[in-house]
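Quick note on labels: first sequence line is chain A, next is B, and so on, each numbered from 1.
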There are 2 protein chains.
Amino acid sequence: MMCDECGRHETKILSMERNIFKKNSDLAEQNRLWFKAHGIRTINMMSSPGSGKTTLLEKTTRAIQPFGKMSILVGDVQTEIDADRLRNAGAKAQQINTWNGCHLDAAMIARQLGNFVTGEEDLLMIENVGNLVCPAAFDLGEQYKVALLSITEGEDKPLKYPALFHQVDLILITKIDLEPFLSWNREKALESLRRINHKAHVIMLSALSGMGMEAWVDWLKEK
Amino acid sequence: MMCDECGRHETKILSMERNIFKKNSDLAEQNRLWFKAHGIRTINMMSSPGSGKTTLLEKTTRAIQPFGKMSILVGDVQTEIDADRLRNAGAKAQQINTWNGCHLDAAMIARQLGNFVTGEEDLLMIENVGNLVCPAAFDLGEQYKVALLSITEGEDKPLKYPALFHQVDLILITKIDLEPFLSWNREKALESLRRINHKAHVIMLSALSGMGMEAWVDWLKEK
């Protein structure tokens, strides 16, 4: 079961990976300059599938309306389900399908600048593909990274996916309305988070009950 | 923002990807022959992070004990958390860390054969990395693929991650004890599943309440 060519193969792959990351970083930097030139705050939202990103963005659409113009780019392997949901909630939203890809990259965002993202926005939300591994490695040119962590996923996810949780500016602990029905341990979850990222701001919220939504909108307004 | 070398680059990457998949398939086939020669049933369990794979395997350890010998390989980006949990529940479990990898592959499994997996097992459970994209593309040499889908993740996940849900033999709808507290729509969820995979057997269960556990253990015994 030995793979004779593996060493050579792996070196080649590593060098190509470096190339891909380098190209992505360069493009992300261009995106960042574009956002700066147009005065747009950009947030990259990352989490597991089903942690509540789209529901939160539906509610955020209404809450943020009085304060500024927001557009949303929403990444998924396939389907337009999330963009449809967001448009139904009154948002200006555009789906990006990655097909086999487990993350958005800077090139996918770049293609939207000057097109769907007109430059008149105050805020651009980017909902990444639901995934706790791949999105961590790809800078999109955003100013802020936000991770969502649903309490239904257990307390240990920051420890198991540190690359993602380590780099975010804000952690939203979601579905907090379900706390009475779960054995989820709040102290243990916060301790896991602190071990991986002691600088990130943490907000507990429920997009359904509205709990914590004010703190989230305040954080957005500050930025 | 154009990438002049992208075409050439992409062709090169595609050819390397084909190479990686081909090598993985060959190795998976060798694993499959090894499992067959040793009379071991092997199951690849895939899902989002936090959908309840480890909790289910903790409970399965006790339930399956009277019927045969089980070993568990458990994939995670890093940490030994899951293997520790499983060993505390009385299981024979081995952690495989993928570091930056978002899935297990056939080579990682091959390295365990004749080592941790002695060949005396009746059943080998492989808990893949929590991810709905990457594990779908990597055959491990298993006989059966099982997807878990927690009701807290919403009804649309099979539509959004069809590559994974399309290929599985069994779908376990987990955390069903939370149904009274969620707006989760059972009919809509089953319809999503059926659109992607009308052949897979579906079991609704709660590892915590025990609901559906008998059907799951019966399915395992049948296999």
Side-chain angles (χ1 to χ4, degrees), chain A residues 1 3 5-6 9 12-13 16 19-20 23 26-27 30-31 34 47-52 54-55 76-79 81-82 85 98 100-103 106-107 110-111 113 129-134 136-137 149-154 156-157 159-163 175 177-178 180-183 208, chain B residues 1 3 5-6 9 12-13 16 19-20 23 26-27 30-31 34 47-52 54-55 76-79 81-82 85 98 100-103 106-107 110-111 113 129-134 136-137 149-154 156-157 159-163 175 177-178 180-183 208:
Chain A
M1 300 210 187
C3 161
E5 295 167 32
C6 277
H9 211 68
K12 227 164 122 190
I13 289 173
M16 295 203 58
N19 224 317
I20 289 169
K23 273 190 201 303
D26 291 350
L27 212 42
Q30 290 183 43
N31 291 351
W34 195 93
S47 78
S48 292
S51 65
T54 313
T55 303
D76 267 305
V77 177
Q78 57 193 83
T79 79
I81 294 173
D82 284 358
R85 280 178 60 189
T98 61
N100 288 325
C102 50
H103 60 89
R111 282 193 280 273
L113 307 186
V129 179
N131 200 301
L132 288 183
V133 184
C134 320
L149 177 61
S150 150
I151 66 169
T152 62
E153 294 168 42
D156 59 0
K157 295 304 164 291
L159 301 176
K160 291 170 75 178
Y161 301 92
K175 306 196 187 182
D177 55 296
L178 293 175
F181 315 116
L182 299 173
S183 60
L208 285 188
Chain B
M1 299 212 188
C3 161
E5 295 168 33
C6 277
H9 212 67
K12 226 164 123 190
I13 290 172
M16 296 204 58
N19 223 318
I20 290 169
K23 274 192 201 301
D26 292 350
L27 212 42
Q30 291 182 42
N31 290 351
W34 195 92
S47 78
S48 290
S51 66
T54 312
T55 303
D76 267 306
V77 178
Q78 57 192 82
T79 78
I81 295 172
D82 284 357
R85 280 179 59 188
T98 60
N100 287 325
C102 51
H103 60 88
R111 283 194 280 272
L113 306 187
V129 179
N131 200 300
L132 288 183
V133 185
C134 320
L149 177 61
S150 150
I151 66 169
T152 61
E153 294 168 43
D156 59 359
K157 294 303 164 292
L159 301 176
K160 290 169 75 177
Y161 301 92
K175 306 196 186 182
D177 55 295
L178 293 175
F181 315 116
L182 299 173
S183 60
L208 285 188

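- Counting only heavy atoms from C-beta outward, the side chains of B:Tyr161 and A:Thr79 never approach each other to under 4.5 Å.
- Between the CD atom in B:Glu153 and the OG atom in A:Ser48 there is a gap of 8.0 Å [rounded to 0.5 Å].
- Of the atoms belonging to B:Ile81, it is side-chain heavy atoms, and not backbone ones, that fall under 4.5 Å from chain A.
- Of the atoms belonging to B:Pro162, it is side-chain heavy atoms, and not backbone ones, that fall under 4.5 Å from chain A.
- Note: A:Gly130 leads A:Ser150, A:Gly130, A:Ala163 in heavy-atom pairs under 4.5 Å with chain B.
- Atom CD1 of residue B:Ile151 and atom OG1 of residue A:Thr152 lie 10.0 Å apart, to the nearest 0.5 angstrom.
- The two residues B:Phe181 and A:Leu178 make their nearest non-hydrogen contact at O-CD2, 3.6 Å.
- In this structure the side chain of B:Asn131 never reaches within 4.5 angstrom of the side chain of A:Leu132, judged on heavy atoms.
- Both the backbone and the side chain of B:Cys102 come within less than 4.5 Å of a heavy atom of chain A.
- Taking B:Leu182, B:Asn100, B:Asp82, B:Asp177 one by one and counting their heavy-atom pairs under 4.5 Å with chain A, the maximum is reached by B:Asp82.
- Of all the listed residues (A:Pro49, A:Gly154, A:Ser183), the one sharing the greatest number of non-hydrogen pairs under 4.5 Å with chain B is A:Pro49.
- Heavy-atom distances place both the backbone and the side chain of B:Lys160 under 4.5 Å from chain A.
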